[in-house]
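As structure tokens, the structure follows; a few thoughts come after it.
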Amino acid sequence: MPLLLLMLVLLLPATPVATPSALLGINYGRVGNNLSPTASALQLLAGLGVGRVRLYDADPATLRSFANTGIELVVGVPDECLATVSTPSGASSWVRSVIQPALPATKIAVLAVGNEVLTGANSSALTPSLLPAMQCIYDALVQLGLDKQVAVTTAHNLGVLATSYPPSSAYFRKDLLPVLCPILDFHARTGSPFLVNAYPYFAYAEDPAGVELEYALLEPGHGGVPDPSSGLRYPNMLVAQVDAVYHAIAATNRVVARAVEVRVSETGWPSAGDSNETGATPRNAARYNGNVMRLVGEGKGTPLRPDGALRVYMFALFNENMEPGPSSERNYGFFKPDGTPVYELAYRLPKDNATSSSGAGGITTGGGGYNGHGDGQQNNGYYSIMASAKANMVRALLFALVNFHQFAKLN
């Protein structure tokens with residue numbers, strides 16, 4: 001029995017070194033009626049070594065589940081709450097009753113107020129409440145002395161841009177400027193990031209004849225696309241989309257552009273879709289997601305901002321069977337609802353992606369997101385989805401053997 005236990009322990013992957021420098025996170029959406037419990041999700045996250053997670057609501061039970069795990073959270077303030085928290089009293093009550101009790105055991109680094117509010121189906125009703133809600137929640141955090149620990153932001157769809165190609169020509173839709181300009185001022189004043197949900201998949205699916213698949217999939221062998229105005233060459237579409245946002249911010253306010261960081265709050269590729277959803281296949285999903293991991297793991301920036309490492313949240317942990325829209329919306333997950341991998345993806349995840357298990361997250365290490373829309377080896381600090389699933393089975397077997405051994409000793 002002791003020899004068997006020792007062999008099982010040796011089969012387990014090494015625990016990732018915990019550092020506060022992680023650049024990669026994952027979106028944990030729960031729009032499904034067949035999902036594994038949060039405890040199982042935590043096991044998958046531990047197996048993957050992911051130290052940052054984006055939630056789309058502030059369910060108290062879920063927040064408690066992440067207590068003392070060391071995982072840093074981006075917590076969503078749902079759209080339906082915007083009207084309530086857009087007043088000082090409403091925001092104060094919400095922060096005191098929902099967020100403050102979870103701290104510091106649960107590491108909440110960012111509050112994402114609403115999701116794609118300016119371009120969503122209910123934009124006309126929700127837009128007037130967006131900035132007041134962000135400001136009131138921030139003020140409530142200041143009153144509690146939590147503003148240095150928890151940042152306030154919101155996540156935008158790329159639809160806020162009037163044009164995005166080439167990146168240097170990008171600018172925001174003029175009808176949104178009355179709202180976006182003060183939001184950008186808010187980011188510059190509070191030091192919070194500008195979050196964007198960037199999906200090269202959508203660009204390819206809409207124009208498969210005009211968009212090269214390798215460019216959209218972030219394939220490292222692609223020669224890149226030049227921006228004739230800036231002279232920069234873009235090796236893949238994701239960094240081009242991020243730089244388009246940077247250019248749009250600069251076109252609006254160059255002073256603010258120097259102070260605001262753009263982060264990818266969501267990106268992903270569906271593994272399945274309807275018959276007319278070009279490119280939604282397991283192979284393409286594996287290629288895209290693996291290439292995103294590689295890109296982020298390199299710690300590089302974009303052609304326009306090469307000195308600032310790109311921060312990305314992947315969408316999503318699970319396939320969610322109640323997501324509305326086309327079939328692709330229900331097939332973005334790395335895992336099926338029961339925790340088994342959707343495809344054989346061995347993506348590269350830096351060994352130091354887990355956050356520190358102690359101390360505050362801080363506003364410089366958060367992220368955000370949108371809900372709805374080479375093989376790694378243990379000894380080089382990378383983890384694969386298949387390896388993590390096997391590790392979870394080994395852990396379960398080890399746990400059972402230990403309990404059996406203790407039971408045998410007692411009897």
Side-chain angles (χ1 to χ4, degrees), residues 24 156-171 196-248 262-298 300-306 310-316 325-329 331-332 334 342-348 370 373-375:
L24 187 74
H156 301 284
N157 186 288
L158 276 178
V160 297
L161 299 179
T163 182
S164 62
Y165 179 81
S168 61
S169 70
Y171 60 93
V196 60
N197 302 327
Y199 285 86
Y201 165 73
F202 292 143
Y204 173 75
E206 291 173 5
D207 186 16
V211 176
E212 292 185 77
L213 180 60
E214 289 72 19
Y215 184 63
L217 289 175
L218 283 58
E219 291 291 4
H222 190 273
V225 175
D227 184 324
S229 296
S230 67
L232 298 174
R233 177 171 289 272
Y234 285 88
N236 61 71
M237 185 176 285
L238 182 62
V239 292
Q241 290 178 335
V242 172
D243 275 0
V245 177
Y246 273 123
H247 278 291
V262 176
R263 298 181 185 175
V264 178
S265 45
E266 282 185 22
T267 195
W269 196 286
S271 60
D274 295 324
S275 59
N276 64 338
E277 293 190 277
T278 304
T281 67
R283 182 172 183 269
N284 286 342
R287 292 166 69 190
Y288 180 81
N289 290 325
N291 285 332
V292 172
M293 304 303 179
R294 172 193 54 78
L295 179 68
V296 175
E298 291 173 351
K300 298 178 181 178
T302 66
L304 184 64
R305 299 288 183 93
L310 185 64
R311 297 177 183 269
V312 175
Y313 275 67
M314 301 296 300
F315 188 84
S327 295
S328 60
E329 292 293 335
N331 288 282
Y332 275 92
F334 291 148
V342 174
Y343 39 75
E344 296 273 350
L345 169 65
Y347 69 82
R348 293 189 166 190
Y370 152 71
H373 48 260
D375 292 353

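Keep in mind the model is a prediction, meaning the values are calculated, not measured.
We find the CG-OG distance between Asp227 and Ser169 to be 7.0 Å, quoted to the nearest 0.5 Å. The CD atom of Glu212 sits 11.5 Å away from the CD atom of Glu219 when rounded to the nearest 0.5 Å. Between the CG atom in Leu310 and the CD atom in Glu298 there is a gap of 10.5 Å [rounded to 0.5 Å]. For the atom pair Thr163 OG1 and His247 NE2, the distance stands at 12.0 Å (nearest 0.5 Å). Interatomic distance, Arg283 CZ to Tyr343 OH, rounded to the nearest 0.5 Å: 13.5 Å. Distance check, rounded to the nearest 0.5 Å: CD of Gln241 to OG of Ser164 gives 6.5 Å.
Between Leu217 and Trp269, some side-chain heavy-atom pair lies under the 4.5 Å cut-off. Contact check for Tyr201 versus Glu277: side-chain heavy atoms found under the 4.5 Å cut-off. You'll find the side chain of Pro200 reaches within 4.5 Å of the side chain of Thr267, heavy atoms only. For the pair Val239 and Leu218, the minimum side-chain heavy-atom distance is 4.5 Å or more. The closest side-chain heavy-atom distance from Pro220 to Asn291 is below 4.5 Å. In this structure the side chain of Pro226 never reaches within 4.5 angstrom of the side chain of Pro166, judged on heavy atoms. Within the 4.5 Å cutoff, the side chain of Thr302 has no heavy atoms near those of the Leu232 side chain. For the pair Tyr165 and Val225, the minimum side-chain heavy-atom distance is below 4.5 Å.
Counting only distance, with no hydrogens or angles, the side chain of Arg287 and the backbone of Glu214 share no donor-acceptor pair below 3.5 Å. Although no hydrogens or angles enter the test, the distance criterion places no donor-acceptor pair under 3.5 Å between the side chain of Asp243 and the main chain of Pro167. Between the side chain of Asp274 and the backbone N or O of Pro326, no donor-acceptor pair lies under 3.5 Å. In this structure, Asn236 contributes its side chain and Leu238 its backbone to a donor-acceptor pair below 3.5 Å.
Closest non-hydrogen pair, Thr278 versus Pro208, comes out as CG2-CB, 3.9 Å. Of all heavy-atom pairs between Gly279 and Asn284, the closest is O-ND2, 3.0 Å. Residues Leu161 and Ala248 come closest through the heavy atom pair CD2-CB, 3.5 Å. Between Ala285 and Pro270 the shortest heavy-atom distance is CB-O, 3.8 Å. Taking each heavy atom of Ala170 and Ala244 in turn, the nearest pair found is CB-O, 3.2 Å.
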(request) Give the C-alpha distance, both sets of side-chain angles, the deciding distance and a yes or no for side chain to side chain contact (heavy atoms under 4.5 Å, CB included) between Val245 and Leu158. (result) CA-CA 8 Å; Val245 177; Leu158 276 178; 3.8 Å; yes
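None of Tyr204, Tyr332, Tyr288 except one satisfies the ring pair (Phe, Tyr, Trp, His ring centres under 6.0 Å) rule with Tyr199; the exception is Tyr332.
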